[in-house]
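What follows is a short report on a single structure.
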Amino acid sequence: MTTPKYIDIALIIFLGYFAIDRFSKGQTGIAIMFTVLSLMNIFVLIMKIKQDKKQVKDPK
């Protein structure tokens, strides 16, 4: 079973945009929060891709 990755990609773009926007407006604290959330979502996306590759390689 493949997991939906389009939602993760959309969230990465969305959170990245808000992080850049907050950095440009000088609101560093919120920008760092959005950056961390975006990086965590990138990590989740990588883990989903690895899990899908493992399931394709070794179906049970």
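Source: prediction; values computed, not measured. Counting from 1, the numbers follow the sequence of the chain as shown.
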Selection residues 24-39 - residue pairs positive for salt bridge (charged side-chain N to carboxylate O under 4.0 Å, His left out), sequence neighbours left out: D21-K25
With F14 via ring-ring contact (aromatic ring centres under 6.0 Å, His included) - residues at least two apart: F18
Members besides I7 in its Ile/Leu/Val/Met/Phe/Trp/Tyr cluster (side-chain heavy atoms under 4.5 Å): L11
Side-chain donor-acceptor distances from residues 29-44 under 3.5 Å, at least two apart:
from : atom 1 : to  : atom 2 : distance (Å)
T35  : OG1    : A31 : O      : 2.7

Residues which pass side chain to side chain contact (heavy atoms under 4.5 Å, CB included) with K54, listed by chain and number, not counting sequence neighbours: none
I20 with I12, same ILVMFWY side-chain cluster at under 4.5 Å: no
Working for side-chain contact (heavy atoms from CB on, under 4.5 Å), residues K53 and V56: CA-CA 5 Å; K53 284 183 180 180; V56 168; 5.8 Å; no
Salt bridge (charged side-chain N to carboxylate O under 4.0 Å, His left out) contacts touching residues 8-18 (sequence neighbours left out): D8-K48
Of all pairs that satisfy side chain to side chain donor-acceptor pair (under 3.5 Å), the ones with a partner from residues 9-18, not counting sequence neighbours: none
Residue pairs, two or more places apart or on separate chains, that pass salt bridge (charged side-chain N to carboxylate O under 4.0 Å, His left out) and touch residues 27-37: none
